[in-house]
Every structure is written in C-alpha cells, then in structure tokens.
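Following: one structure in structure tokens, then a few remarks.
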Amino acid sequence: MTQAHTHTLKSYDKELDDLRTLVSQMGGFAEAQVRSAVDCLTTRDTAMAERVVAADRKLDAMELELERQVHGIIARRSPVADDLRGVIAALKISGALERVGDYAKNIAKRATVLNQSSPIRAVGILPQMAAETQRMIADVIDAYVEADSGRAIDVWQRDERVDALYNSLFRELLTYMMENTRLITPCTHLLFCAKNLERVGDHATNIAEMVYFSITGVVMEDVRPKGDDTSYTTLDPNDPERYGA
Amino acid sequence: MTAETTKQPTPAAPAPAPSDLSTAADRPDVKMSARDVHVHYGDTHAIKGVTMNVNAREVTALIGPSGCGKSTFLRCFNRMNDTVASARVDGEILLDTQDIHAPEIDVVQLRARVGMVFQKPNPFPKSIYDNVAYGPRIHGLVRNRADLDEVVETSLQKAGLWDEVSDRLEVPGTSLSGGQQQRLCIARAIAVNPEVILMDEPCSALDPIATARIEELIEDLRQRYAIVVVTHSMQQAARISQRTAFFHLGHLVEYGETGALFTSPQQEKTKDYITGRYG
C-alpha cells in the first residue's frame, strides 16, 4: 500500500487510508494496554487492572471493524499486487494485535491476584520487558504505515533481547521457588506474565514479517539462531553441578 | 544468556524466471516463440522488440491499456497482420520448430493450426451445422458425410454447445444468443484440429453468465491446446490464465506466472496498471 501513485479511483485510496489508520489505532491501543497491564503489577494498582481487563473489549471491537473493512475492500475492489498484500497484512496484523491485547488482559488479571501477596523482587524485569515489547509494537506499526521495510527488519532483530530478558527472569524465578516453596504461587503468576510479554515480542516479530512481505512482496525467511534453551531444560534440584551440594 | 550471533533476516530469493533463451524449437513444453518481434503500421512502430514463449497446454493472457499493442501482437501468431496492407512484421515466430514466416508455409494451413476467436461473435450466415462443417470441408479433413457429422458433433461438444443445439443444427448460427454464438465460433475454430487458439477479447460482448461459461470452456480447452487470450479485464486474466504478459506502448513490460504477477509484480508500471493507478 505504498503511495507512489494514487489510484484513478480516489475513493479506493481513501478506503486503503482508512484501513491503515485503523491498524495504526489498534497498534497504539494494544501497546498502551501492555504498558498499563505491567504498571498494574509494579504499582500494585488493582483498580487499574480491572480497567485494563474491561478495555480489552475495545480492541476486540476494533478488530471486528477492521475485518468488516477488509471484507468490503476485497469484495468491491478486488485488490491486487501491493494493495492486496497490504490489505491481507492489515487483516493478519489486526489478529496479532488482538492477541497482544489478550496477553495484556491476562497480565492485568494476574496482577489482581499478585497484588494480594507480598511483592517479589524479580518484578523489576517486567517493566523492562514491557518497554521493549511496547517499542517493538509501536515501531512495527510505524513501519507498516510508512511502508519502511528497514524498520520492519530492525524490529524483527530486537526480539532476541526480549527472549534474553525472559530467560533471565525464568532462571531467577526458579531459584526463588526452590528456595521458598511458599513463593511458588506468586512466582508462577509472574512467570506467566513474563511469558505473555515474551509472546507479545513474538507477535511483534510476526507482524514485522507480515509488514516486510506487504512492502516488498518477498518472504522473509526466519533463520533466527536459537542461542538459549533455558526454557526447555529440566532442572534437578539435587544436581550438585548446578546448585551445589 | 543472549544468543551469540545477531540474527539476520534473509529475504527468500524469488523463484528464478525460466530461461528466456530457449524456444519452441528446443523445448517441448513451449508451443510458440516470438523472438525480437517488431510490427510497423506505416510509420507507427506498434510492437517494439517483443520476445516471449507461449507454453503448450496453458492459457497465456495478454493485458495492457488500449493501444498498447496486445491485439497486434496476438495477430502475429497466425499472420493476421498480413491482411493489413501497411503492416510490416519483423523478427522470428516459431510454431514448434517451424518459422511461420518461412516461404514454404501455407498461411491458410497456418491459420487452421493457429485458430482465432474474435471479440464479437461472427458466425457465418449459415446453419449451425455448416458453421462448424465449413473448415473441415475446405481443408479436406473429412471423407464423407458420416465423418463430417462426427466432427461437427465432437467440436460442438468440446465447445460446450452440443446439448443446447443438437436438436436444431439446421437453424442459422446467427439466431443463437451472444454467448452461444461465441461458443459456436470456438467450435468452428476447434473443428479444424488447431494446436493453438488465439482469442481477442472473447468475452467483452457477453454478460457475466455467458462469460463464466466461456471461461470454464477455456479452462477445459487448455488440456488440449495452447491458448492465448487478449483481455481488457484483469480479473479475467487472473482467473483463467497460467501466465500473464503486460504490454505498454508496444513493449512487453513483464511476463510471468499469473499468481506471482498479480501478487508481487516486479515492474512499477505493471503494479500501477493492475492496481488501477495507471494514467
């Protein structure tokens, strides 16, 4: 949907513009939900958490509206080439953003539970993860709106940092749980929150691939090195090699 | 903890275009080949050095804005431009291994092997039967009436018209509906055992249902023939063809697999035309 030349049918241009605007609004809203959800955890604000949960409905409604617009464009305009790629990308991106919203909602729900027990130090990594994923969402949506494939690649590369933060938190929480079994419940909730943020990063990466294809017409092949297998390692608390005798 | 290597996206390489250097002469899957074809009408340079292959058992669509040369180019494949006094065709066109401009080529025979269907259905002012029987008769393809009956029936069947006209073969072809007339013209082209069928906007005078029937027929016919279709409807090109060629101002701008051309055209001009940003 690059705007090198305008369509002979001006109303078609307007429909494509409206679609881009809606994707951009969804991106902004999903990003804000992620930030608010993590704020609920760090500030221990349960009322805010309830507002985040309720606000998710708005994102669902935006997705439905976007789907309606995409159906209309496909039925009436028969888009091809970059128009087609852009319209399909909008549809797929909205699905991914709706999922991002669900993750934010899930974090907010867990915040209401976590706020009832004493705070855990490891919570500190979450705002960092949230900030990272939030910027990824913002940048990848900008890349879509501005048809900037370089920016999409940049976002795609940044997912590693989120994964690294997640792995670091994972190890830390495991240690807490082994030290103090009473922390298993809150730590598990925190771990799910972190996993949610890690998934948000994955969705931003997927969106980057969609945006890249939409702009260039070329599929970006994933050759991400899998450098860390922390999440897949089984731990034996009696292993003297790892944890001492 | 962090991965040691920075990940790098590798854009998947687009599928390599089939070599354009081989022709119908050395590739069995290629039915006709045009090499550096130029057409002049008097001082007008209508086709400017077009090189492309037409594959066997495929529908090739030629698209482009009015006056881009697509119909002129189509007419090169069976030397229809010979009938225009001011036209001059340069370059080589092969049908299998044969140069269609070679002196030994009989143009009437060539046009039986490379048949043509026009924009407006143009049945002869004769019966349905005689419309189809005319070609086989003049080309001496049949020995007796029984043979001829069989050719007429199979041709009408292949053109998807038999069931609608089998009980009234003696009525004038011109009394049929537009869509039926066009299928009659296709039956007439098929009756002389062509190898290639050229179609110049075969559906532009038909309603959507008659158009759908012709499109279905084209899909069916390509199992036996190479088909080249000129069409103003990009949706039609997208629906019926395996390969699409985009012409602009006498140049072949882009030629490729239809799905790829309509999803990720390689040329800016193609993109602007098919997305409706042209002009």
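Note that the structure is predicted; figures quoted are calculated from it, not measured. Order of the sequence lines sets the chain letters (A, B, ...), proteins ahead of strands, with each chain counted from 1.
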Neighbour count >12 (heavy atoms, 6.0 Å) for atom NZ, A:Lys92: no

Please check this pair: side chain of A:His7 against backbone of B:Thr275, looking for a donor-acceptor N/O pair closer than 3.5 Å. yes

To the nearest 0.5 angstrom, please state how far the CG atom of B:Asp272 sits from the CG atom of A:Asp82. 8.5 Å

Matching residue for B:Arg277 among A:Asp83, A:Thr6, A:Thr8, A:Asp13 - test: side chain to side chain donor-acceptor pair (under 3.5 Å): A:Asp83

Near B:Phe118 CZ, under 6.0 Å, is it more than 12 heavy atoms from other residues, nucleotides or ligands? yes

Chain B contacts, top residue of A:Val80, A:Thr216, A:Leu9 (heavy-atom pairs, under 4.5 Å): A:Val80

List in chain and number order the residues that pass side chain to side chain donor-acceptor pair (under 3.5 Å) with B:Arg213, two or more places apart in sequence or in another chain; answer none if no residue qualifies. B:Glu164

Give me the atom names and distance for the closest heavy-atom approach of B:Ser264 to A:Gly217. OG-O, 3.3 Å

